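Scroll down for the structure; my scribbles are underneath it.
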Amino acid sequence: MASPHNSAEIGDIAERVLLPGDPVRAKVIAKNFLSDVKQYTEVRNMYGFTGKYKGVPVSIQATGMGIPSFSIYVHELIHVYGAKKLIRIGTCGGMHKDLNLRDVLIAQGVSTDSSIVEKTFGGAINFSLLADFDLLSKAVTNAKKLKIPAKVGNVICTDRFYNDYNDKDGVFSANGQTLNEKMIQHGILAVEMESAALYLLAAEAQVQGLAIFTVSDHVVKKEYTTAEEREKDFNDMVKIALETVIQE
Ligand code: HPA
């Protein structure tokens, strides 16, 4: 076993990796989209598979939820197994009124309430968490080619899924807005829980990172999809991610 959380041998994992949170989704994507699939890990049931998409080796590694779990798998993918192009595929909670359930969203940038950025730079600067521009521009072009309408913009990566405070009047904001209202006013489109780590770890290691989401719920409109619907809705995002990750 080459790393503490992954039983893959060196060489089992492709340089191009898609990163769903859910291990079952990783399995379904590998089965439905890849050929010549081999499972390389089941440590903690956090499955990983390598197969081929249009002849190009691609891995699908589940990461679990939240920055800490995600960071462990992604660190090992990059630093132990040599991953170079990493695309997170996950769900997000819509915040902006123009986002609807099932929309696809590509994260150009990420804001965060996690201390991961502050700790990395000792609080000296507020580092901008950016998508890799090459992957971002390819993903936008591929979405257009596939006729999948995709929004592009800023997301907020939070440490808490259940968090009433962001909706409370005046808790964080000087002018009476809630924090959610303030973020939406500044163009934040959606909330999720992992991509700050992807953009930070990718920048640190000088590899390419991108996060693509499907809107699974809307935190302002209070709309939700069922687990079954989420399974189905995932396919558009997976197609964009696969077409993008295999491109030179
Ligand atoms: N909040 C945080 N992360 C999420 C959400 C949400 O509402 N939906 C999907 N991921």
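When a ligand or atom number is given, it counts from 1 through the structure's own listing order. In this text, all values refer to a predicted model and were calculated from it rather than measured experimentally.
- Between Leu19 and Leu77 the shortest side-chain heavy-atom distance falls below 4.5 Å.
- Looking at atom 6 (C) of ligand 1, its nearest protein heavy atom turns out to be Phe161 CE1, 3.6 Å.
- Proximity of Ser216 to ligand 1, defined as any heavy-atom pair under 4.0 Å, is confined to the side chain (atoms from C-beta onward).
- The closest protein non-hydrogen atom to atom 10 (N) of ligand 1 is Thr91 O, 3.4 Å.
- Classified by interplanar angle (parallel below 30°, tilted 30° to 60°, perpendicular above 60°), the ring pair Phe121/Phe127 is parallel.
- Atom numbering of ligand 1 starts at 1 in the shown order; those under 4.0 Å from a heavy atom of Val219 are 7 (O).
- Considering CD1 of Ile89 and CG of Leu242, their distance stands at 7.0 Å, rounded to 0.5 Å.
- Among all protein heavy atoms, the one lying closest to atom 1 (N) of ligand 1 is Val191 CG1, 3.6 Å.
- Under the 3.5 Å distance criterion, with hydrogens and angles disregarded, a donor-acceptor pair is assigned to the side chains of Thr50 and Ser59.
- Ligand 1 places these atoms under 4.0 Å from at least one heavy atom of Glu192: 3 (N).
- Annotation: the span from Leu101 atom CG to Tyr224 atom OH amounts to 10.0 Å, rounded to 0.5 Å.
- Protein heavy atom at the shortest distance from atom 8 (N) of ligand 1 is Asp217 OD1, 2.8 Å.
- At a threshold of 4.5 Å between non-hydrogen side-chain atoms, the residues Asn100 and Val215 do not count as touching.
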